[in-house]
Amino acid sequence: MFENVVGHKKQLTEISNVLNWFDRNQELLKRGIKTPKGMILYGPPGNGKTLIIKEIIENTKANVIVINGDSDNVLDETQKAFEEAKRVGHSIIVIDELDLLLNDDARLRRILQDNIDGVNANDDLLILAATNNMLDIPDAILRSGRLDKCIKIDYLNSNELLGLLQDLMKKYELEFSDDYDEELLKDLIGGRTTSCTDILALVNDLVLRYNEKIITMDMVENSIEIIINAIKKESDEQFYQVAIHEAGHAIMLNRFSEYFKICQIRIDGPSGKCSAAEVKEKNFYSFPKMIADIKISMAGVLATKIILNTGCNGCEKDLQRARNYAYNMFNANGYKGCYLTLPDLGSGRRKETFIKRRKMERKIESFLKKCENDAIKYIKRNKNKVINLANELMIKKKMNNKEIISILN
């Protein structure tokens with residue numbers, strides 16, 4: 001198994017151990033030993049997670065059931081997958097791009113969580129999932145007894161990337177010329193953000209661009225400049241966007257330090273996270289504190305717009321959080337016309353139901369706009385601090401409270 005996978009030796013050993021435990025599940029169960037219910041392969045895209053899953057599917061003797069996130073009825077498909085796996089026994093349920101699946105529908109998160117909890121050792125079932133964005137996986141899914149075996153499939157080192165390049169050269173019947181310089185080549189292709197798919201794109205470009213069997217170092221350098229460096233530049237821009245986003249959250253959290261304490265900010269490839277603890281009693285939300293939370297939720301996307309003049313991927317949850325707080329505030333203060341408390345509109349509804357609904361929505365939209373304007377003014381006044389914090393985050397990848405405060409104060 002894994003003959004077609006380059007690198008990741010420690011990770012492949014750990015994966016093999018989990019698969020071996022799964023194959024011996026009944027034997028180990030008799031000895032009172034519980035095997036993991038599932039494992040998640042995570043890490044930046046293009047480094048072999050899907051290839052590893054394909055290798056497992058092709059080589060396992062277990063029954064394999066794949067949950068297709070693009071299915072029109074993925075809720076039914078997920079439920080039936082667990083039912084079939086339990087009925088057949090010794091089955092692997094495969095879920096690729098788990099983050100997209102979980103973020104798509106709250107009902108699906110509940111179905112998946114309930115079914116994982118319903119898996120017993122006697123069911124002889126293993127869940128195999130993959131995600132590019134581990135930060136988007138709810139902690140509830142990762143806790144002990146659920147998908148708690150997490151294995152990172154990271155970027156390869158320069159030696160592993162060179163081995164992949166050499167394998168692909170043989171596959172496409174290419175050879176290096178007499179000017180081949182191994183150390184120079186490792187320097188050229190090495191780097192924190194060079195993925196396996198980047199190397200494949202490089203070899204593909206060499207074939208198409210030159211149509212030669214003998215490849216010189218000049219050819220390689222030229223294609224690297226065109227292919228890999230362009231990809232790196234795009235990746236760096238994306239990472240910096242994430243860093244600005246998280247720095248925006250952090251500076252707004254620091255503004256409302258009477259309610260929240262910044263714990264940490266971090267970026268992990270195209271994902272980031274800003275975590276904080278409540279200073280006052282948990283779940284106690286005064287009117288000013290809820291307004292603070294709304295502005296904090298907005299701050300990431302607003303910082304990206306102000307500083308980079310661009311939109312921001314993955315901000316939907318932040319904005320939805322701000323909207324939810326606003327709706328809850330209006331409900332808590334006696335505004336019973338909010339659409340969350342109104343019945344669904346249908347044929348035969350009275351006209352004033354719609355009018356009342358829109359009137360309340362306009363009030364909330366106006367309130368959110370005021371919060372947004374206040375947050376924009378604050379971020380603009382502290383623009384340099386946001387940039388300095390983001391620049392430091394790009395270097396360190398993870399910053400604690402003291403490191404953050406030293407820049408913001």
Side-chain angles (χ1 to χ4, degrees), residues 240-265 267 272-335 337-340 357-393 399 401 404-409:
Y240 188 61
Q241 183 186 101
V242 175
I244 290 290
H245 183 100
E246 301 309 327
H249 284 309
I251 199 165
M252 196 61 70
L253 273 164
N254 191 52
R255 180 189 179 187
F256 296 107
S257 57
E258 68 269 35
Y259 302 122
F260 303 98
K261 177 184 177 181
I262 309 169
C263 296
Q264 182 190 90
I265 56 173
I267 56 173
K273 188 170 185 178
C274 179
S275 57
E278 294 183 32
V279 174
K280 291 188 177 180
E281 182 183 354
K282 190 174 182 180
N283 295 327
F284 172 75
Y285 271 78
S286 63
F287 187 81
K289 187 176 182 181
M290 294 181 80
I291 292 178
D293 214 328
I294 289 170
K295 293 177 182 178
I296 291 165
S297 299
M298 292 177 165
V301 66
L302 294 178
T304 307
K305 286 181 179 179
I306 292 166
I307 296 169
L308 301 179
N309 194 30
T310 183
C312 187
N313 294 328
C315 65
E316 295 84 359
K317 287 196 290 186
D318 288 342
L319 298 180
Q320 186 59 53
R321 177 184 172 91
R323 284 191 289 267
N324 286 344
Y325 271 116
Y327 283 122
N328 290 340
M329 280 178 58
F330 274 67
N331 277 334
N333 285 277
Y335 293 95
C338 173
Y339 90 89
L340 290 180
R357 181 192 300 265
R358 285 303 302 143
K359 184 178 180 181
M360 184 50 54
E361 286 177 346
R362 283 194 293 271
K363 285 179 179 287
I364 295 172
E365 286 165 9
S366 176
F367 169 75
L368 285 171
K369 190 64 180 177
K370 184 181 184 305
C371 290
E372 180 181 318
N373 290 336
D374 290 345
I376 287 172
K377 290 177 183 177
Y378 186 78
I379 292 170
K380 283 183 175 179
R381 287 200 304 269
N382 294 274
K383 181 178 176 180
N384 289 336
K385 289 183 179 180
V386 176
I387 292 172
N388 291 339
L389 183 58
N391 288 338
E392 191 70 12
L393 184 57
M399 298 177 67
N401 175 270
I404 297 165
I405 297 302
S406 68
I407 292 176
L408 296 184
N409 289 345

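These numbers come from a predicted model, not from an experiment.
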Which atom pair, heavy atoms only, marks the closest approach of [X] to [Y]?
| X | Y | value |
| --- | --- | --- |
| E246 | C274 | OE1-N, 3.2 Å |
| A326 | I364 | CB-CG2, 3.9 Å |
| A390 | A247 | N-CB, 4.0 Å |
| I296 | H249 | O-ND1, 2.8 Å |
| A303 | V386 | CB-CG1, 4.4 Å |
| A250 | I262 | O-CD1, 3.3 Å |

If I take atom [atom1] from residue [X] and atom [atom2] from residue [Y], how far apart are they, to the nearest 0.5 angstrom?
| X | Y | atom1 | atom2 | value |
| --- | --- | --- | --- | --- |
| M252 | N382 | CE | CG | 8.5 Å |
| L302 | I379 | CG | CD1 | 5.0 Å |
| L253 | K261 | CG | NZ | 12.5 Å |
| L319 | S297 | CG | OG | 8.5 Å |
| I404 | I251 | CD1 | CD1 | 11.5 Å |
| K380 | I306 | NZ | CD1 | 6.0 Å |

pair [X]-[Y]: side-chain heavy atoms closer than 4.5 Å:
| X | Y | result |
| --- | --- | --- |
| M298 | L368 | yes |
| I265 | L389 | yes |
| Y259 | P288 | yes |
| Y240 | T304 | no |
| Y378 | R381 | yes |

**Report entry** Salt-bridge present (K369, E372; N to O < 4.0 Å)
**Finding:**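 Salt bridge between K369 and E372, a charged N being under 4.0 Å from a carboxylate O: yes.
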Query raised in the report: So, are D293 and K289 salt-bridged, with charged N and O less than 4.0 Å apart?
Result: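 Salt bridge flag = no for K289 with D293.
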Query raised in the report: With N409, which residues qualify under side chain to side chain donor-acceptor pair (under 3.5 Å), at least two apart?
Result: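 Expected list: N254.
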**Report entry** Qualifying residues under side chain to side chain donor-acceptor pair (under 3.5 Å), relative to K385, sequence neighbours excluded
**Finding:** none
